[in-house]
Structure formats: structure tokens, C-alpha cells
Amino acid sequence: MEKIDITSEFIKLDAFLKFSGACGTGGEAKLRVEDGEVKVNGETCVQRGKKLRPGDTVELEGALYEVGRA
């Protein structure tokens, strides 16, 4: 699991995917979320604007990321 630290209270799912490097662009992140390829805290999530907070986990293609606090 890779920990990705954020400095704000939350980050939206599509922005997190781009920020973490899991997706190359925001457009790619949007499509992957809408296609049901992303899991948040173990459950499929199709809301690209979902707010992630420290402690949440995101999974894409077997890679697991944890939202941390900087």
C-alpha cells in the first residue's frame, strides 16, 4: 500500500487519482471512476467527486493507496 499525503481536509476522488499518479490525466480518472474500475474503502465507487479524507483507501488495477495527512 502506498501512502499519499494531502495537505487539505479532503480531496476529491478524481483529483486523488491524478495526484497519486494512478491516472495520467483527470480525463482518464473520470472515465475509470465512471466505468466502475475504482474501489474506495473496499467498495466500488462511481462518484468522481467523492470526498476522500485521511485514512481512506483507494484501489485501482490491484494498486492500493491510502490517503494520509501531510
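Note that this is a predicted model, so its numbers are computed, not measured.
The two residues Leu17 and Ala29 make their nearest non-hydrogen contact at CB-CB, 3.9 Å. Scanning both residues, Gly68 and Lys3, for their nearest heavy atoms gives CA-CE, 3.6 Å. In terms of heavy atoms, Ala22 sits closest to Leu60 at O-CD2, 3.9 Å. The minimum heavy-atom distance between Asn41 and Gly55, with the atom names listed, is OD1-O, 4.4 Å. Taking both residues in full, the closest heavy atoms of Val46 and Gly36 are given as CG1-CA, 4.0 Å, listed atom of the first, atom of the second, then distance. Closest approach of Leu52 and Asp56 over heavy atoms only: CA-OD2, 3.4 Å.
Applying side-chain contact (heavy atoms from CB on, under 4.5 Å) to Leu64 and the options Glu59, Glu2, Lys39 leaves one that passes, Glu59.
Between the side chain of Glu37 and the backbone N or O of Val33 there is no donor-acceptor pair closer than 3.5 Å.
Judged as a salt bridge (charged side-chain N to carboxylate O under 4.0 Å, His left out), and not counting sequence neighbours, Glu34 has no contacts.
No side-chain heavy atom of Tyr65 sits under 4.5 Å from any side-chain heavy atom of Thr57. Inter-residue side-chain proximity for Gln47 and Leu13 is flagged as unmet; no heavy-atom pair is nearer than 4.5 Å.
For residues 5-18, the side chain to side chain donor-acceptor pair (under 3.5 Å) pairs, not counting sequence neighbours, are Glu9-Arg53, Asp14-Arg48.
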